[in-house]
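This report refers to the structure that appears directly beneath it.
Given the structure is predicted, the values throughout are model-derived calculations rather than measurements. Here is the naming used below: chain letters follow the sequence lines, and residue numbers restart at 1 for every chain.
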Protein chains: 2
Amino acid sequence: MAGRGPDGVTRHRALIEASRLFAARGFHGTSTRDIAEAVGVRQPTFYRHFASKTAILAELLDADLLPALKRIRTALAAEAGPAVRLHAYLHTDVAAILRLPYDVRGLYNDDVLELPDLTDQATRREQMHHLTTTLVDQGIASGELIAIETDFVQHAITGLLLEVVRERGAAPSPAPEKRALEVADFVLRATLADPTRLPDIRQESANLSSRWNQPTAAPLSPGVS
Amino acid sequence: MAGRGPDGVTRHRALIEASRLFAARGFHGTSTRDIAEAVGVRQPTFYRHFASKTAILAELLDADLLPALKRIRTALAAEAGPAVRLHAYLHTDVAAILRLPYDVRGLYNDDVLELPDLTDQATRREQMHHLTTTLVDQGIASGELIAIETDFVQHAITGLLLEVVRERGAAPSPAPEKRALEVADFVLRATLADPTRLPDIRQESANLSSRWNQPTAAPLSPGVS
DNA sequence: CACATAGGCTATCGATCTATAGCTTTACGC
DNA sequence: GCGTAAAGCTATAGATCGATAGCCTATGTG
């Protein structure tokens, strides 16, 4: 019952269990004992895999933020109207988050990003918001979206995302595609100057995001294959 | 520097400071020492005003939930179309929450409602969601709202509310009326079968909610007047 | 002016938390 | 088949947490 070689299974399970515990009780409300016990090892074993309690949170945040930054950058650079790019971004973003093996509900709850060891993650989060705002601004400037306050839309999107992952609970969502489309449609219905264009935008968005998915058919699941 | 009579000032300030600290660091991440120090007293003095750390959270939750339950019940019983009542409810609800002296951001974050001492509050939160769902269902059944998944709308509303109060930060919002109207408009644009009806609905909603405000012109601010 | 009480204080207990030290066992490369 | 390193363990240090005990003082009422 000890030392089973470098297979990375415990580490991978710790990330998953920690994300669920953070979602259920918050970062501060979860102890390293809780995480270790959920994995089935003793508390000090936690420190064989992570330098600190904050380090595991940083890794979970990066697993969410780094791909998300890639997605919003892709959406900003794509060749299509702002409304189509916004729809495609929301669609792919929500689908990707719902497919994560981690439970991201608790990662942005308390202002944990102000912890001194998480300045990198705080910066990335800031960039995310800025780039999303830029995308919405392009839509408003082009006249495709109504003259709505950009920051409000940004917050509305964030709220929708958080609540959708909150709803899915711990297990990966049963229908990520459906929920993702619902979120994208919801936001665009609420912001489009001409809502009757939604069907066309959905079509274009589907074409665009399918083009994104083609080149990068990357495998997932670190450790357990 | 001790014993200043029953003025209730410290208790009132403790509620405000605790709500801010819960928002910033979560319930578990906030110690009774933190709250006491923010108020300017020593930690044991906290227990002269609250039976436990959980008790202060229960009181903050009730300050939000009890009036909110009243508002949703009023909206369900009002004489108007479902869409108008939904708009009026969202409008008055967001405005009321933004006017609260407390920072409600942290109250619903971690699954703190599962604490054994908070079963009453958990029940009320459950009722809130149920009644909101009912109101949305009426709108869909009447054909005024599109055939959207009720639970999704419920979650979208919750996400919007939480993010709006998150955005306002600690201080009472500078323009609660404006934000409240933005939220109500946003949700109805996203769910109305015929979005061109929004101006009419806004008008009717304004009439309806002004009627609600008339009979109950209650004063606020317990303690400090 | 006496005195009851609200509301402050110091001191401290027992539990729990993060993290480290140091030992032991298993798996894998050579 | 032997040694190294990964990965487990026990024990424990040091800090902090929620909560209680017991004392002191200012205030308001008679």
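- Atom CZ of A:R42 and atom P of C:dT24 are 17 Å apart (whole Å).
- In this structure, the side chain of B:S209 engages the main chain of B:S205 through a donor-acceptor pair within 3.5 Å.
- One can place NE2 of B:H12 at 18 Å from C1' of C:dG7, the figure rounded to the nearest angstrom.
- Considering only the side chain of A:R48, C:dG22 comes nearest among C:dC9, C:dT18, C:dG22.
- What separates CD of A:Q43 from P of D:dG8 is a distance of 14 Å, to the nearest Å.
- Atom CG in A:D117 sits roughly 9 Å away from atom P in C:dA19 (whole-Å rounding).
- When atom types are taken as modelled, the side chain of A:R189 and the backbone of B:A190 share a donor-acceptor pair closer than 3.5 angstrom.
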Practice item. Evaluate side chain to side chain contact (heavy atoms under 4.5 Å, CB included) for B:L65 paired with B:Y108, printing each intermediate quantity in order. Key: CA-CA 11 Å; B:L65 283 172; B:Y108 303 105; 3.4 Å; yes
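- The side chain of B:T32 places no N or O atom within less than 4.0 Å of a non-bridging phosphate oxygen (OP1 or OP2) of D:dC17.
- Atoms CZ (B:R25) and P (D:dT16) sit 13 Å apart, rounded to a whole Å.
- As a whole-Å value, the separation of B:F46 CZ from C:dG7 P is 15 Å.
- Considering only side-chain N and O atoms, B:T45 lies nowhere under 4.0 angstrom from the phosphate OP1 or OP2 of C:dG7.
- The nearest heavy atom of DNA chain C to B:G40 and to A:T54 marks one nucleotide each, and the one closer to the 5' end goes with B:G40.
- In this structure, the nucleotide among C:dG8, D:dA19, D:dA11 sitting nearest to the side chain of B:Y47 is D:dA19.
- Look at B:H49 and you'll find a side-chain N or O under 4.0 angstrom from OP1 or OP2 of C:dG8.
- Counting only N and O atoms by type, the side chains of B:S31 and B:D34 include a donor and acceptor under 3.5 Å apart.
- Across the protein-nucleic acid pair, B:F50 atom CZ and D:dT20 atom C1' stand 18 Å apart, rounded to whole Å.
- An OP1 or OP2 oxygen of C:dG7 is reached within less than 4.0 angstrom by no side-chain nitrogen or oxygen of B:T10.
- OP1 and OP2 of D:dT16 both lie 4.0 Å or more from every side-chain N or O belonging to B:R33.
- Closest of all the heavy-atom pairs between A:A14 and A:I56 is O-CD1, 3.8 Å.
- A straight line from NE2 of A:H28 to P of D:dA15 spans 20 Å, rounded to a whole angstrom.
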